[in-house]
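Following: one structure in structure tokens, then a few remarks.
Reminder, nothing fancy here: chain letters follow the sequence lines and each chain counts from 1.
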Protein chains: 2
Amino acid sequence: MSVPSGRSPVMADVARLAGVSHQTVSRVLNGHPNVKTETQARVQAAIEELGYRRNSSARALVTRRTGVIGVVAFDTTLYGPAQTLAGIEQAARAAGYFLSVVTLQRVTRQEVSEAMDYLAQQAVEGYVVIAPHRTVVEGLADAAADRPVVAVEGGEAPDLPVATVDQGGGAELAVRHLLDLGHRTVHHIAGPRHWLEAEYRVAGWRRALEAAGAPVPEPLFGDWRPRSGYDLGGALARDRSVTAMFVANDQMALGALRALAEAGVRVPEDVSVVGFDDIPEAEFFTPPLTTVAQDFSEVGRHGIRLLLERLRLADGASAAPARHVVPARLVVRTSTAAAPRA
Amino acid sequence: MSVPSGRSPVMADVARLAGVSHQTVSRVLNGHPNVKTETQARVQAAIEELGYRRNSSARALVTRRTGVIGVVAFDTTLYGPAQTLAGIEQAARAAGYFLSVVTLQRVTRQEVSEAMDYLAQQAVEGYVVIAPHRTVVEGLADAAADRPVVAVEGGEAPDLPVATVDQGGGAELAVRHLLDLGHRTVHHIAGPRHWLEAEYRVAGWRRALEAAGAPVPEPLFGDWRPRSGYDLGGALARDRSVTAMFVANDQMALGALRALAEAGVRVPEDVSVVGFDDIPEAEFFTPPLTTVAQDFSEVGRHGIRLLLERLRLADGASAAPARHVVPARLVVRTSTAAAPRA
DNA sequence: GGCTACATTGTTAGCGCTCACATTCACGAC
DNA sequence: GTCGTGAATGTGAGCGCTAACAATGTAGCC
């Protein structure tokens with residue numbers, strides 16, 4: 001009787017049943033300290049009896065907080081972004097936030113702007129942008145967000161808090177590992193231009209070679225897909241001077257392994273191969289792939305952490321742009337071995 | 001001056017600037033027919049000048065529609081679920097809906113209930129549940145949703161609209177392909193028990209064998225991961241009578257290929273292998289994997305379609321549970337060949 | 001002209017909640 | 001006793017929007 005049938009209960013219904021004012025119900029719901037334990041219990045009981053659930057729209061209307069974080073992602077088909085997204089989701093939920101995700105079809109400044117605009121419609125409190133691409137970082141500038149933004153995998157986006165894996169450092173690990181095995185130099189199949197991760201890996205690769213006084217060959221640019229690794233790997237396979245290659249992700253490394261096999265080049269006897277990402281499949285490639293592991297969910301977690309910090313500071317004082325860099329880790333399997341005698 | 005600085009513009013601000021009532025602004029925003037073209041233009045101009053954006057909470061409060069669809073997903077690390085989610089996201093956005101995603105950590109009835117509860121807090125209008133597991137389907141029953149629910153990959157969930165790939169049919173394609181190549185029978189490395197997709201693939205495999213009068217060996221149960229394919233594939237490799245295996249997903253097939261290689265068994269000369277999913281890597285396995293392709297995004301799209309249909313029917317009349325089944329497709333590569341002479 | 005019909009716009013009343021403030025009561029200090 | 005204090009609760013207003021209805025203008029028609 002306390003709730004007219006046909007509509008779901010509201011605070012006033014709970015209040016009536018518990019014999020208190022709607023405000024007291026609100027206090028119980030929000031954990032306000034000054035409520036008698038007994039009253040609290042009575043309200044709780046009423047809530048449960050009616051199956052009451054607070055109307056989030058009404059609450060958001062007055063508090064101006066929706067509890068929603070907007071996420072702009074790109075190509076969640078790739079292992080890395082998908083994992084990062086999962087990490088973000090975990091962290092957000094743990095903090096009591098909801099996630100609204102938009103996946104970009106193409107990486108253009110306009111699409112980034114549109115995605116953020118779309119999310120703004122939903123009154124997200126802030127954005128986490130998975131920004132593996134230079135264009136995305138630029139698009140962020142256009143979007144002129146009036147809300148906090150954190151970039152994940154966003155390289156060194158200026159004026160923006162960033163959570164990222166140490167791509168360059170990971171690349172250095174890979175190259176040093178190969179040099180230590182006695183290879184004269186290391187060839188590189190890179191990710192596509194304008195992808196920040198690709199650029200940083202190229203830079204790290206170059207740095208490690210130069211530090212060792214090794215010659216720096218021209219890098220070849222793929223598109224992350226196995227197919228391009230196959231094509232470019234095939235090209236390198238024909239060059240008998242190549243004894244070591246560092247491939248910018250595991251999928252392309254897979255393609256390269258295939259091309260090498262078809263060319264009759266043995267891995268690791270003739271050529272050593274190192275990948276990047278450590279996808280679950282890498283361990284079972286032919287041969288099992290030495291690669292650089294990234295902790296994606298850690299990155300996602302820190303992305304959310306940085307955003308929440310910004311949200312707490314609220315409007316006025318925007319904190320200094322912070323960076324959180326997660327180290328990469330080399331996983332040695334059997335696709336690498338000592339350089340063959342010349 | 002029309003907007004007091006320090007707060008964002010509201011409808012009344014736009015109305016004042018355009019010299020109309022706030023209701024007319026609302027009409028323009030909602031595409032109401034009876035507004036003079038000229039008025040419309042004036043309002044539009046005012047909106048743009050002020051950078052006005054409608055407050056979605058206020059709107060949701062009065063319309064009782066949030067425009068948010070809740071998605072319950074599980075293990076988006078796996079290729080299939082991740083792809084399905086992407087398809088759902090595309091379709092939802094195209095229809096003007098937002099998505100709120102919760103990813104389950106473990107598949108228990110309780111976690112499913114909790115996830116739906118969590119989404120209910122946000123007043124989602126309906127649920128799309130990626131339900132590849134028997135437990136999830138059961139959990140749906142507990143959750144006693146007062147809102148429409150659609151299961152994706154949910155097998156034959158009773159009383160629930162379902163969008164799914166024809167798993168059984170796909171398995172039959174795989175098995176028939178192998179039998180046609182002259183194999184006496186086909187061994188099966190299955191997915192984990194209680195996974196609906198796994199069960200349907202087992203059923204299809206059995207059906208095809210029985211239809212052909214072939215003996216039906218005991219299936220082996222893996223966990224989708226490459227490691228289990230490796231372990232179980234190794235076991236089958238030791239059995240010289242095995243000439244063909246159908247592996248329930250590509251990741252396990254990769255593990256199996258590895259185990260066969262290590263055991264000195266040649267693929268496809270000694271043993272033929274067929275996978276399931278057609279992940280991007282499959283084409284570059286050693287050897288390139290014959291597999292069954294599923295159109296995940298199509299499934300996601302139809303999941304959203306079914307939900308939207310339910311939402312339109314609104315509260316009263318719940319439509320008859322509909323099913324949309326997307327056919328699977330065999331992709332022949334070089335991991336399969338004619339049976340070796342006995 | 002007077003009436004109807006319809007297009008166009010304005011007015012008013014909430015949606016369900018939280019915030020600011022008012023009120024009540026109990027208790028101890030003086 | 002009186003007053004101050006703080007805990008516990010209630011009251012009223014208003015967040016920004018849409019829905020329902022009212023009011024106006026405008027044309028068409030007899």
Proximity to DNA chain D (any heavy atom under 4.0 Å), residues of residues 27-45 of chain B only:
Asn30(B)
Which residue pairs pass the salt bridge (charged side-chain N to carboxylate O under 4.0 Å, His left out) test when at least one of the two sits in residues 81-95 of chain A, sequence neighbours left out?
Glu89(A)-Arg93(A)
Identify the pairs formed between an N or O of the protein and an N or O of nucleotides 4-6 of chain C at a distance under 3.5 Å, and give each distance.
none

Quick check on contacts: within residues 51-64 of chain B, what sits under 4.0 Å from DNA chain C by heavy-atom distance?
Leu61(B), Val62(B), Arg64(B)
Set of side-chain contact (heavy atoms from CB on, under 4.5 Å) partners for Ala95(A), sequence neighbours left out
Tyr97(A), Leu308(A)
If the condition is salt bridge (charged side-chain N to carboxylate O under 4.0 Å, His left out), which residues does Asp295(B) pass it with, not counting sequence neighbours?
none
Determine the contact category for Thr24(B): base if any of its heavy atoms lies under 4.0 Å from a base atom, sugar-phosphate if only primed atoms, P, OP1 or OP2 are that close, otherwise nothing.
sugar-phosphate
Between the two ends of the helix from dG1(C)-dC30(D) to dC30(C)-dG1(D), what is the bend in degrees, rounded to 10 degrees, where each end axis spans five pairs?
50°
Could you note down all residue pairs passing salt bridge (charged side-chain N to carboxylate O under 4.0 Å, His left out) where residues 113-122 of chain A supplies at least one of them, sequence neighbours left out?
Asp117(A)-Arg53(B)
Filter on salt bridge (charged side-chain N to carboxylate O under 4.0 Å, His left out), then keep only pairs touching residues 21-45 of chain B, sequence neighbours left out; what's left?
Glu38(B)-Arg42(B)
How many whole angstroms separate atom CZ of Arg16(B) from atom P of dG10(C)?
14 Å
Glu125(B) side chain to Thr66(B) backbone, donor-acceptor under 3.5 Å:
yes
Go through the structure and list residues passing ring pair (Phe, Tyr, Trp, His ring centres under 6.0 Å) with His324(A), not counting sequence neighbours.
His302(A)
In the 5' to 3' direction, the nucleotides of DNA chain D bounding the stretch that comes under 4.0 Å of a heavy atom in chain B are dG16(D) to dA20(D)
Just checking His194(B): does its NE2 atom have more than 12 heavy atoms from other residues, nucleotides or ligands closer to it than 6.0 angstrom?
no
Arg134(A) atom CZ, over 12 foreign heavy atoms within 6.0 Å:
no
I'd like to check the side-chain hydrogen bond (donor to acceptor under 3.5 Å, both in side chains) partners of Tyr52(A); sequence neighbours left out, ordered by chain and number.
none
